[in-house]
Amino acid sequence: MKQFQVQRTGLAKHRIIAENPAAPPIADGEILVAIERFGMSANNITYGIAGDTLGYWKFFKALENPLDEWGILPVWGFAKVIAARCDGIEIGERLFGYFPPSSHLVMQPARISESHFFDGVAHRGELPGAYNIYRRLRAEPGYTRSMDDLRMLLFPLFLTSFAIWDQLKENRWYGAEQIVIVSASAKTSIGLAFALHEDSDAPFSVGLTSKGNREFVRKLGYYNQVGDYENLAAEIKNVPTVIIDMAGNAQTLGALHTLLGDNLIKNIDVGITDWKGARKDPRINRDKREFFFAPARIQKRIKDWGVDTFSGKSNGFIMKAARQSGDWLKLEKISGLEGLEAIFADIRDGKIPPEKGLVVEM
């Protein structure tokens with residue numbers, strides 16, 4: 001079995017570990033899947049930065065890791081069942097869900113239904129259910145392989161976009177006249193901007209990005225206004241504002257907090273695309289910051305609405321946003337874990353153009 005691992009502290013190093021046997025054995029109640037393909041983006045870097053605080057390192061165990069210094073960045077993708085000692089799961093069926101960047105994964109299906117199951121392996125029991133569910137594609141109405149790449153790249157991100165929009169709307173935008181989205185070129189940001197663009201009740205939206213990405217973000221047509229980090233004073237109106245931060249750059253947030261002052265209603269932290277800038281700044285008003293954890297919001301809405309209603313609303317939005325993404329998203333295929341190893345530093349350092357969607361084919 002092969003695994004792509006990253007150094008847990010700072011993600012500064014990465015490596016591929018190969019271990020015999022190539023396909024690990026399974027016990028009663030388990031299945032073995034071969035991972036076919038998965039997406040990789042700045043979202044996966046966020047998983048690593050928040051690996052300890054939010055438990056992302058706990059999902060998948062790193063091989064040959066006696067000092068616990070290496071971790072597995074979870075990814076969204078597709079896998080095929082190649083061995084099964086579990087009633088109700090058949091060899092050959094394909095799954096969509098949360099996987100390690102590895103050749104194989106041993107799973108322990110639980111709460112099995114025709115449409116899905118949960119991985120019931122003991123160490124995942126305390127982790128959010130939204131990450132433990134696996135869709136059985138053979139039973140999925142209208143499933144088509146032609147959407148696989150868009151699905152694994154955008155569905156998890158746009159589900160977060162939907163959840164953020166839903167929280168903002170439920171709270172009547174917190175009284176804001178303006179929503180500023182930091183790291184406007186990030187795919188989760190694009191999904192949120194699309195949701196706001198489609199909502200006639202939404203406040204004025206401003207996307208902040210680098211100068212190099214400004215024209216790309218402007219051409220999307222989703223933001224009411226697009227600005228860059230170097231000209232905040234000229235780009236941001238001093239009106240009641242909610243900041244949605246996807247970047248984690250303390251200097252940018254410090255400048256925004258200073259500029260807005262009492263007009264800053266709330267600063268909602270979602271991701272960390274700028275992992276190098278994730279430091280403290282004394283200008284940041286901590287009392288107005290809160291962390292958005294998508295699985296918690298999703299669980300709340302499932303409880304409020306029920307699974308079927310939540311799935312209908314969220315999937316309807318995700319499908320519409322994903323189809324629109326065909327206008328700007330350019331897929332790039334990467335060959336195996338070795339290909340990922342070659343490009344990972346650029347992903348980590350934010351050097352991948354925002355219009356690129358990276359697909360790792362095993």
Side-chain angles (χ1 to χ4, degrees), residues 1-24 31-52 54-65 68-82 94-107 119 121 123-124 127 131-132 134-135 148-157 187 271-273 275 331-352 356-362:
M1 184 166 73
K2 294 169 66 175
Q3 275 187 349
F4 178 79
Q5 303 177 353
V6 295
Q7 192 174 42
R8 288 176 52 154
T9 304
L11 313 185
K13 297 179 181 179
H14 49 276
R15 67 179 187 176
I16 295 174
I17 290 295
E19 188 175 81
N20 288 321
I31 63 173
L32 176 66
V33 303
I35 295 163
E36 298 178 332
R37 61 206 294 118
F38 57 86
M40 178 63 68
S41 71
N43 183 57
N44 303 96
I45 303 304
T46 297
Y47 291 153
I49 297 299
D52 288 315
L54 297 181
Y56 289 111
W57 296 131
K58 297 179 181 179
F59 280 94
F60 307 109
K61 295 182 178 180
L63 300 173
E64 299 183 20
N65 187 32
D68 202 27
E69 61 180 315
W70 297 93
I72 303 295
L73 287 179
V75 296
W76 292 90
F78 295 85
K80 180 184 286 186
V81 179
I82 61 171
R94 298 178 67 243
L95 310 171
F96 172 72
Y98 211 47
F99 292 105
S102 303
S103 59
H104 300 83
L105 178 66
V106 176
M107 307 176 73
D119 192 351
V121 65
H123 74 268
R124 293 179 68 167
L127 301 170
Y131 292 131
N132 288 336
Y134 291 84
R135 307 292 178 182
D148 279 3
D149 290 341
L150 286 178
R151 182 173 186 171
M152 64 190 183
L153 283 166
L154 299 178
F155 277 39
L157 305 180
K187 294 175 179 64
I272 307 174
T273 59
W275 68 282
L331 298 176
E332 179 175 323
K333 303 298 176 67
I334 296 172
S335 180
L337 299 183
E338 291 78 11
L340 174 59
E341 185 178 37
I343 200 173
F344 180 76
D346 286 344
I347 302 170
R348 180 196 62 203
D349 295 344
K351 295 181 179 179
I352 304 299
K356 274 192 180 181
L358 302 179
V359 175
V360 180
E361 297 182 324
M362 299 295 286

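Here, residue 1 is the first one in the sequence, and each next residue gets the next number.
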Do [X] and [Y] have side chains that approach each other closer than 4.5 Å (heavy atoms only, starting at C-beta)?
{"X": "Ser41", "Y": "Leu157", "value": "yes"}
{"X": "Phe38", "Y": "Leu340", "value": "yes"}
{"X": "Trp57", "Y": "Val6", "value": "yes"}
{"X": "Met152", "Y": "Phe99", "value": "no"}
{"X": "Leu337", "Y": "Ser103", "value": "no"}
{"X": "Ile45", "Y": "Phe344", "value": "yes"}
{"X": "Leu32", "Y": "Met1", "value": "no"}
{"X": "Ile347", "Y": "Met40", "value": "yes"}

Inter-residue atom distance [X].[atom1] - [Y].[atom2], 0.5 Å rounding:
{"X": "Tyr134", "Y": "Leu105", "atom1": "OH", "atom2": "CG", "answer": "6.0 Å"}
{"X": "Tyr131", "Y": "Tyr56", "atom1": "OH", "atom2": "OH", "answer": "3.0 Å"}
{"X": "Ile334", "Y": "Ile343", "atom1": "CD1", "atom2": "CD1", "answer": "4.5 Å"}
{"X": "Glu36", "Y": "Asp148", "atom1": "CD", "atom2": "CG", "answer": "8.0 Å"}
{"X": "Arg348", "Y": "Leu11", "atom1": "CZ", "atom2": "CG", "answer": "7.5 Å"}
{"X": "Ile82", "Y": "His104", "atom1": "CD1", "atom2": "NE2", "answer": "4.0 Å"}

Residue Arg94 excluded, over 12 heavy atoms near CZ under 6.0 Å | yes
Expected output: side-chain His123 to main-chain Phe59 donor-acceptor under 3.5 Å = yes
Mark yes or no for whether Asp119, through its side chain, and Val121, through its backbone, hold a donor-acceptor pair below 3.5 Å.
-> yes
By salt bridge (charged side-chain N to carboxylate O under 4.0 Å, His left out), which residues pair with [X], not counting sequence neighbours?
{"X": "Glu19", "value": "none"}
{"X": "Lys61", "value": "none"}
{"X": "Asp149", "value": "Arg37, Lys333"}

Mind checking side-chain hydrogen bond (donor to acceptor under 3.5 Å, both in side chains) for Gln5 and listing every partner two or more places apart, or none if nothing turns up?
->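 Testing Gln5 for side-chain hydrogen bond (donor to acceptor under 3.5 Å, both in side chains), a comparison that skips the adjacent residues, returns Gln3, Arg15.
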Arg151 and Pro156 have their tightest heavy-atom pair at O-CD, 3.3 Å
Between Gly55 and Leu127, which heavy-atom pair has the shortest distance, and what is it?
->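 Looks like O-CD2, 3.9 Å.
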Donor-acceptor pairs are to be reported for all side-chain atoms of residues 68-78 against protein atoms at under 3.5 Å, with residues two or more places apart or in another chain.
from  : atom 1 : to    : atom 2 : distance (Å)
Asp68 : OD1    : Arg8  : NH1    : 3.1
Asp68 : OD2    : Arg8  : NH1    : 3.2
Trp76 : NE1    : Tyr47 : OH     : 3.0

Can you pull the salt bridge (charged side-chain N to carboxylate O under 4.0 Å, His left out) pairs that have at least one residue in residues 337-346, sequence neighbours excluded?
->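 Those involving residues 337-346 are Lys2-Glu338.
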